[in-house]
Amino acid sequence: MSEPAAGRPGTALLSGEHAAEVLAFLAKQSIASIILEGLIRDNNFDGSLNRGRFYGFRNRDGRLQGVALIGEITTFETETEDALVAFARCAQDVPGIGLIIGEQERLGTFWRRYAGENQPPPRQSRELLFELRRRSSGAAAEQVRGLRTATLDDIETVVAAHAEMAFEESGVDPVKHDPHGFRRRCGRRIGQGRVWVLTDGRRLIFKADIISETPRVIYVEGVYVRPEERGRGYGFRCVSQLGAALLARTEAICLLVNEQNIIAQNLYRKAGYEFRGCYDTIFIP
């Protein structure tokens, strides 16, 4: 797909030459903009590492009005409905889409244009966006001795825990669906120093992944507490300590929590996180 002709709005592939313009456009704090900006900073516009390709939508004056990652993982940041509709139509021609994430109302519009007015999502999850900023103050938490960044010696337990969470959320076991790719992505994140763990010998007690990091916001995902250790305060203490460590190098931390997980919501509020909005995720088998 090439650049739209002058004077005609349209969608086109993005590449490294557009990096400065795209990053300026994504200088926002929605989940989509944080994910997209973080992927570009980490991987440039490499489609294999990003598990999708980046597209831009421009209006008649050539101004960028939307950026989307379309592929196995699909998400978007748009200023206009024209951009949203254009990305949905573009996605119809891209095979292998497995997950679409977006702000609640925008994702509804995207899905209707992508799948058809009367086609319900095959599986959908609603999540709440929580944010922790430096000015936020949660309850004081006792320090956790041993909370650290993971090493490759931890990869087996990290892969198992992350796969368990992914299966519970999406109904797809990534170890069976994409064993080599899933393990490679977990190992790469560990190598980047973006997986935090608390272990007892070889037993994993707590885990959290930094999915995207920008100068302004860090997006955290995959927060896990070993089932038999739940209710003993590990989650609150580790989340609080991790938050303090990450806020030393960014302005804010954000994460998504399933709307049905009241226990986790209460934990994050206790740790100083504040509710910011609703997001939906559509899982496509």
Side-chain angles (χ1 to χ4, degrees), residues 31 34-54 69-75 94-101 122-123 125 127 146-214 218-230 234-235 238-239 242 245-246 255-258 264 281-285:
I31 282 292
I34 296 164
I35 293 173
L36 295 171
E37 181 180 346
L39 287 172
I40 292 170
R41 290 184 180 277
D42 286 347
N43 309 320
N44 206 312
F45 292 85
D46 187 312
S48 61
L49 291 175
N50 294 323
R51 299 162 71 191
R53 304 182 75 180
F54 279 89
L69 174 67
I70 301 177
E72 184 179 349
I73 295 176
T74 296
T75 190
V94 177
I97 292 177
L99 178 154
I100 309 172
I101 182 171
R123 185 182 177 111
S125 172
E127 294 161 309
L147 182 64
R148 59 179 173 81
T149 53
T151 71
L152 288 177
D153 290 338
D154 302 301
I155 192 167
E156 299 301 334
T157 54
V158 167
V159 165
H162 205 65
E164 177 186 328
M165 297 184 72
F167 180 74
E168 290 176 355
E169 187 72 18
S170 69
V172 175
D173 184 348
V175 173
K176 294 180 179 178
H177 174 67
D178 181 19
H180 300 298
F182 181 70
R183 184 183 178 88
R184 184 174 64 250
R185 289 189 293 274
C186 288
R188 186 168 187 260
R189 201 172 297 140
I190 289 173
Q192 293 172 314
R194 291 186 175 178
V195 180
W196 287 69
V197 296
L198 176 67
T199 58
D200 178 8
R202 292 191 173 274
R203 286 196 329 137
L204 181 68
I205 296 175
F206 171 88
K207 176 190 77 72
D209 294 41
I210 296 173
I211 300 298
S212 184
E213 182 167 356
T214 77
I218 289 175
Y219 171 48
V220 173
E221 197 174 86
V223 178
Y224 170 90
V225 178
R226 192 179 188 90
E228 57 265 37
E229 301 291 351
R230 293 169 189 172
Y234 282 116
C238 289
V239 163
L242 177 61
L246 297 183
L255 47 80
L256 293 171
V257 185
N258 190 288
T281 302
I282 294 174
F283 301 98
I284 304 174

Applying side chain to side chain donor-acceptor pair (under 3.5 Å), can you list everything that pairs with [X], at least two apart in sequence or on another chain?
X    : value
E221 : Y219
R203 : E229
N44  : none
S212 : none

For side-chain contact (heavy atoms from CB on, under 4.5 Å), just list the numbers for I35 and L69, CA-CA rounded to whole Å, side-chain angles, deciding distance to a tenth of an Å, and then say yes or no. CA-CA 10 Å; I35 293 173; L69 174 67; 5.6 Å; no

Restricting to ring pair (Phe, Tyr, Trp, His ring centres under 6.0 Å), what partner residues turn up for F45, sequence neighbours left out?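 So F45 forms a ring pair (Phe, Tyr, Trp, His ring centres under 6.0 Å) with F54.
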
Salt bridge (Lys or Arg N to Asp or Glu O under 4.0 Å) partners of [X], counting only residues at least two apart:
X    : result
R148 : D154
E72  : R51
D209 : R189, K207
R53  : none

Within the 4.5 Å heavy-atom criterion, are F283 and V172 side-chain neighbours or not?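 They are not in contact (no side-chain heavy atoms under 4.5 Å apart), so the answer is no.
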
Measure the shortest side-chain to side-chain distance between L242 and V223 over non-hydrogen atoms and say whether it is less than 4.5 angstrom.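 Result no, sub-4.5 Å side-chain heavy-atom pair not found.
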
[X] [atom1] to [Y] [atom2] distance, which is reported to the nearest 0.5 Å:
X    : Y    : atom1 : atom2 : value
I100 : I73  : CD1   : CD1   : 11.5 Å
T281 : I101 : OG1   : CD1   : 4.0 Å
I282 : T74  : CD1   : OG1   : 10.5 Å
T214 : L39  : OG1   : CG    : 12.0 Å
D42  : N50  : CG    : CG    : 8.5 Å
L204 : L198 : CG    : CG    : 8.0 Å

Identify the heavy atoms of [X] and [Y] that sit nearest to each other, and give their distance.
X    : Y    : value
I284 : P122 : CA-CG, 4.0 Å
E213 : I218 : CG-CG1, 3.6 Å
I190 : L152 : CG2-N, 3.8 Å
A264 : V257 : CB-CG1, 3.8 Å

For the pair V220 and L246, evaluate side-chain contact (heavy atoms from CB on, under 4.5 Å) and give the outcome as yes or no after the intermediate values. CA-CA 10 Å; V220 173; L246 297 183; 4.0 Å; yes

Got a donor-acceptor contact below 3.5 angstrom from the [X] side chain to the [Y] backbone?
X    : Y    : value
S170 : F167 : no
D46  : L49  : yes
R183 : V159 : no

Do any pairs count as a salt bridge (Lys or Arg N to Asp or Glu O under 4.0 Å) and have a residue in residues 163-173, sequence neighbours left out, and if so which ones?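 Residue pairs with at least one partner in residues 163-173: there are none.
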
Mind listing the side-chain donor-acceptor pairs of residues 174-182 below 3.5 Å, one per line with the distance, residues two or more places apart or on another chain?
from: D178; atom 1: OD1; to: G181; atom 2: N; distance (Å): 3.2
from: D178; atom 1: OD2; to: R185; atom 2: NH1; distance (Å): 3.3
from: D178; atom 1: OD2; to: R185; atom 2: NH2; distance (Å): 3.4

Residue pairs fulfilling ring pair (Phe, Tyr, Trp, His ring centres under 6.0 Å) with at least one residue in residues 186-206, sequence neighbours excluded: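 Found none.
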
